[in-house]
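Okay, so here's the structure we're looking at.
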Amino acid sequence: MTKLQEKIKSHFPHLNLQFDFMLSKITYFKVGGPAEVFVELKEEQELIDLLSFCRENKIKHLIIGGASNVIVADDAIKGIVIKYINSDISKVIEDDNFSIIEANSGIKMPILVSTTVKWGLTGLELFLGVPGMLGGAIYNNAHYLSDLISEHVYSVKVLDCDGKVIWVSAENCGFRYDHSRFQNSGEIIMAARFKLKHGDPAESQELIKKATEYRAKTQPLGMPSSGCIFQNVPNNDQLKKQFPQFVEKEFVPSGFLIDQAGLKNSKQGNIEVSDKHAAFMVNLGGGTTNDLRKLIHKVKDKVKEKFGVELKEEVFYIE
Ligand SMILES: Cc1cc2nc3c(=O)[nH]c(=O)nc-3n(C[C@H](O)[C@H](O)[C@H](O)COP(=O)(O)OP(=O)(O)OC[C@H]3O[C@@H](n4cnc5c(N)ncnc54)[C@H](O)[C@@H]3O)c2cc1C
């Protein structure tokens, strides 16, 4: 046992700590090395206590949700990786026109969405197919086509860096495409509130059906991946000249540029650029993070060379 493993075990004997836990077992990409300590927590107070302990003792720590948007290094991950699985959800305000609902960050996105639809609320339907949990969706401001989850957020409950639990209103969350303030603030997302209008459950189901069918048609859903590896690219004069079909658009899809660069089906080891959606990379079985990172570099270099734009990762690296 390492010193850290011993220390955490002696302070938190009641927690189900797992040592040298292979993160590839839980990442969507099926890559990633062992975490020195891994733990799933359901209780808010357990999370607060463990994080305070880590901060006081300067222990490297990281919180993950569904691990669908992370690329974990092949080597050992020092410190503690925490998965918060508190999935409580409730209505907090009911008005004639809308309701405010609150969900803990460990709720899975499909459960959050199906519960709101069951309650006759509308707004979140397009996010049913976003894998992972609410905390991860808030962290990266999950989007589907042009709908950003932040457009429905009322406020976010966080554990701040001083160990205080505070609510941050949506306007103060620094939301924009693929971004929230939580990517830089070190705050831990505990829960979020959404303001949702009353809707017709049948119409909501129809929206969900269409979005699910479209995803299945356009994404390699049966294969291990992290969804889009790259963010869409801010449009510019050069791209508008080359690709007039996007002239009115704020962003050019990264998958389109990767495809135009002839990179579909490019391979490194057992990682491949998907031929169904070129912004996706898929693990053909036994692929490693090392291979994935090499392929990411190759794609970035080629797209830069062809179109003069820098692709930015949408995924987050854990090392
Ligand atoms: C097949 C497929 C389809 C996808 N489709 C979409 C899509 O349509 N739209 C979209 O936006 N994304 C999509 N994604 C990407 C991904 O599912 C989303 O970004 C998702 O919201 C990530 O949630 P997660 O719980 O898995 O986050 P994780 O991968 O676990 O974490 C992502 C980041 O968030 C941080 N984080 C997680 N929880 C917390 C918390 N409670 N507090 C603080 N930080 C936290 C982590 O440290 C990490 O840096 C897709 C992925 C796949 C595999």
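Just so you know, ligand 1 is whichever comes first in the structure, and atom 1 is the first atom listed for that ligand. Numbering starts at 1 and runs along the sequence shown.
- Between Ala67 and ligand 1, at least one pair of N/O atoms sits closer than 3.5 Å.
- A cation-pi contact, defined as under 6.0 Å to the ring centre and within 45° of the axis, links Lys195 to Phe98.
- Every atom of ligand 1 is numbered from 1 in the order shown, and the set under 4.0 Å from a heavy atom of Val70 is 29 (O), 31 (O), 32 (C), 48 (C).
- In this structure, CD1 on Ile77 lies 12.5 Å from CZ on Phe38, to the nearest 0.5 angstrom.
- Residue Ile64 has at least one heavy-atom neighbour below 4.0 Å for each of these atoms of ligand 1: 30 (O).
- With hydrogens and angles ignored, the 3.5 Å screen pairs a side-chain donor or acceptor of Asn86 with a backbone N or O of Lys42.
- In terms of N/O distances under 3.5 Å, ligand 1 is approached by Ser68.
- Short contacts between ligand 1 and Tyr144, defined as distances under 4.0 Å to a heavy atom of the residue, involve ligand atoms 8 (O).
- Close contacts of ligand 1 with Ala142, meaning ligand atoms under 4.0 Å from a residue heavy atom, involve 11 (O).
- A salt bridge (charged side-chain N to carboxylate O under 4.0 Å, His left out) check over residues 253-279, counting only residues at least two apart or in different chains, returns the pairs Asp259-Lys264.
- Arg215 counts as a contact of ligand 1, since one of its heavy atoms falls under 4.0 Å from the ligand.
- Numbered from 1 in the order shown, with element, the atoms of ligand 1 that lie under 4.0 Å from a heavy atom of Ser226 read 51 (C), 52 (C), 53 (C).
- Taking each of Asn141, Ile63, Val282 in turn, the one with a heavy atom nearest to atom 45 (C) of ligand 1 proves to be Ile63.
- Looking at Gln183 and Asn140, their side chains do bring a donor and an acceptor atom within 3.5 Å of each other.
- Residue contact check for ligand 1: Tyr84 places no non-hydrogen atom closer than 4.0 Å to it.
- Considering backbone and side-chain N/O atoms, Glu314 never comes within less than 3.5 Å of an N/O atom of ligand 1.
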